[in-house]
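Structure record follows, encoded as C-alpha cells.
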Amino acid sequence: MKKYGKEFITFPDVMVMLIIFAAMLALTVPNLSDWKVWIAIGIGMIMYAISEYMIHCFLFHIKKPNNPFLLKLIKRLHYDHHVDPDNVKLLFLPLWFSLPNFMILAVVCYAITRNLELTIAFVTGVIGYFLYYEWKHFVAHKPIQPATKLGKQIKKSHLWHHYKNENYWFGVTHRAVDKTMGTYRDHKEVEKSDTARDLEKRA
C-alpha cells in the first residue's frame with residue numbers, strides 16, 4: 001500500500017494539485033470558526049461529486065468529434081484511458097484541463113458571494129474532493145483492496161464500466177447520480193459492449 005501511495009502523491013499532476021490544496025487549506029483553516037465557511041467547503045465538495053458524473057458521462061463520452069484537434073483532446077482526456085485502462089499516465093486528469101475549470105468555478109463563486117474567504121473555502125472543497133476522486137480512480141485501476149464493502153462495490157462497478165459496458169457506471173467515488181440517472185444496473189442484466197475498450201468505434 002505504501003508503494004501505491006507514493007506512486008499516487010509523486011505523480012506530477014497530483015503533486016501540483018496537492019500543493020495547491022495545501023495552500024488553499026492553510027488560508028481556510030483560520031476562518032473555520034465561521035459556519036458559512038463550512039457551508040462553502042461542503043458546497044464545493046458536493047459540486048465536484050455531481051460534476052464527476054456529468055463530466056464523465058456527457059463530455060468524456062461524447063461521440064467521436066470530426067475536428068482533429070478536439071479528437072486529440074478527448075483522446076487524452078478519456079478515450080485513450082479506455083484503450084489502456086491501467087496506464088497510470090492516463091489515469092489522472094491533466095492540469096491543462098483541471099486548473100482552468102477550477103479557476104472558472106472560483107470566479108463564478110466570487111461573483112456570487114463577493115467574499116474572498118468563502119471563495120477560497122469553496123475552492124478548497126472542490127479541490128479536496130477532486131483529489132479524493134483521483135485517489136479512488138487510482139485505486140480502481142490498481143491491485144488495491146478497498147477497506148469497505150461500499151468501496152469494493154464502487155471499484156467493481158468502475159471496472160464494469162471499462163470492461164463490460166461503457167454506457168453504465170459513470171460514478172467513481174459514489175453511485176448516487178448513476179442511480180438517479182438510471183445508469184446503475186446489475187451487471188448481470190447488462191450486455192457486454194464491443195466498444196467498451198474503444199470509444200472511437202461507437203456508432
Nearest-0.5 Å distance, [atom1] of residue [X] to [atom2] of residue [Y]:
{"X": "Leu91", "Y": "Phe11", "atom1": "CG", "atom2": "CZ", "result": "8.0 Å"}
{"X": "Thr28", "Y": "Ile120", "atom1": "OG1", "atom2": "CD1", "result": "6.0 Å"}
{"X": "Leu131", "Y": "Ile9", "atom1": "CG", "atom2": "CD1", "result": "11.5 Å"}
{"X": "Trp160", "Y": "His187", "atom1": "CH2", "atom2": "NE2", "result": "4.5 Å"}
{"X": "His137", "Y": "Leu93", "atom1": "NE2", "atom2": "CG", "result": "8.5 Å"}
{"X": "Asn31", "Y": "Leu118", "atom1": "CG", "atom2": "CG", "result": "8.5 Å"}

Would you indicate whether the side-chain heavy atoms of [Y] and [X] approach each other to under 4.5 Å?
{"X": "Ile41", "Y": "Leu32", "answer": "yes"}
{"X": "Lys36", "Y": "Asn115", "answer": "no"}
{"X": "Cys109", "Y": "Val123", "answer": "no"}
{"X": "Val108", "Y": "Leu105", "answer": "no"}
{"X": "Glu166", "Y": "Thr195", "answer": "yes"}
{"X": "Met17", "Y": "Leu95", "answer": "yes"}
{"X": "Trp96", "Y": "Leu73", "answer": "yes"}
{"X": "Glu52", "Y": "His174", "answer": "yes"}

Specify the closest pair of heavy atoms between [X] and [Y], including all atoms of both residues, with the distance to one decimal.
{"X": "Arg197", "Y": "Pro85", "answer": "NH2-CD, 3.6 Å"}
{"X": "Phe21", "Y": "Gly128", "answer": "CE1-CA, 3.5 Å"}
{"X": "Pro65", "Y": "Leu71", "answer": "CD-CD1, 3.9 Å"}
{"X": "Thr183", "Y": "Asn167", "answer": "CG2-O, 3.9 Å"}
{"X": "Tyr184", "Y": "Ser157", "answer": "CE1-CB, 3.9 Å"}
{"X": "Ile154", "Y": "Val172", "answer": "CG2-O, 3.1 Å"}

**Item:** Check against side chain to side chain contact (heavy atoms under 4.5 Å, CB included), Val107 and Ile104
**Value:** CA-CA 5 Å; Val107 169; Ile104 291 169; 5.8 Å; no

Atom [atom1] of residue position [X] - does it have more than 12 heavy atoms of other residues, nucleotides or ligands inside 6.0 Å?
{"X": "Met103", "atom1": "CE", "value": "no"}
{"X": "Asn67", "atom1": "CG", "value": "yes"}
{"X": "Phe58", "atom1": "CZ", "value": "yes"}

Give the ring-plane orientation class for [X] versus [Y], where under 30° counts as parallel, over 60° as perpendicular and anything between as tilted.
{"X": "Phe8", "Y": "Trp135", "value": "perpendicular"}
{"X": "Tyr129", "Y": "Tyr48", "value": "tilted"}
{"X": "His162", "Y": "His82", "value": "tilted"}

Under 4.5 Å between side-chain heavy atoms, counting indirect links through other Ile/Leu/Val/Met/Phe/Trp/Tyr residues: same cluster for [X] and [Y] or not?
{"X": "Ile46", "Y": "Leu150", "value": "no"}
{"X": "Trp35", "Y": "Leu116", "value": "yes"}
{"X": "Leu27", "Y": "Phe122", "value": "yes"}
{"X": "Val83", "Y": "Leu199", "value": "no"}
{"X": "Leu59", "Y": "Leu99", "value": "yes"}

Could you check whether any side-chain N or O of [X] sits under 3.5 Å from a backbone N or O of [Y], counting only pairs where one atom can act as donor and the other as acceptor?
{"X": "Glu134", "Y": "Val14", "value": "no"}
{"X": "Asn165", "Y": "Val190", "value": "no"}
{"X": "Arg202", "Y": "His61", "value": "yes"}
{"X": "Lys155", "Y": "Val139", "value": "yes"}

**Request:** Any chance you could lay out the side chain to side chain contact (heavy atoms under 4.5 Å, CB included) test for Ile144 and Phe138, step after step, and finish with the verdict?
**Result:** CA-CA 9 Å; Ile144 301 171; Phe138 180 77; 4.2 Å; yes

One thing to verify: whether [Y] and [X] come together as a salt bridge, which I'm taking to mean a side-chain N less than 4.0 angstrom from a carboxylate O.
{"X": "Glu200", "Y": "Lys75", "result": "yes"}
{"X": "Lys188", "Y": "Asp186", "result": "no"}
{"X": "Lys142", "Y": "Glu7", "result": "yes"}

**Fill in**
From the list Phe170, Tyr79, Phe97, Tyr53, ring-ring contact (aromatic ring centres under 6.0 Å, His included) partner of Phe60 resolves to Phe97

**Request:** Would you sort out whether His161 and Tyr168 count as a ring pair (Phe, Tyr, Trp, His ring centres under 6.0 Å), showing the intermediate values?
**Result:** CA-CA 6 Å; His161 172 79; Tyr168 299 92; 9.4 Å; no

**Request:** Give the C-alpha distance, both sets of side-chain angles, the deciding distance and a yes or no for side chain to side chain contact (heavy atoms under 4.5 Å, CB included) between Lys156 and Lys152.
**Result:** CA-CA 6 Å; Lys156 280 183 182 179; Lys152 291 171 185 175; 5.6 Å; no

**Message:** Would you say the ring centers of Phe102 and Phe130 fall short of 6.0 Å from each other?
**Reply:** yes

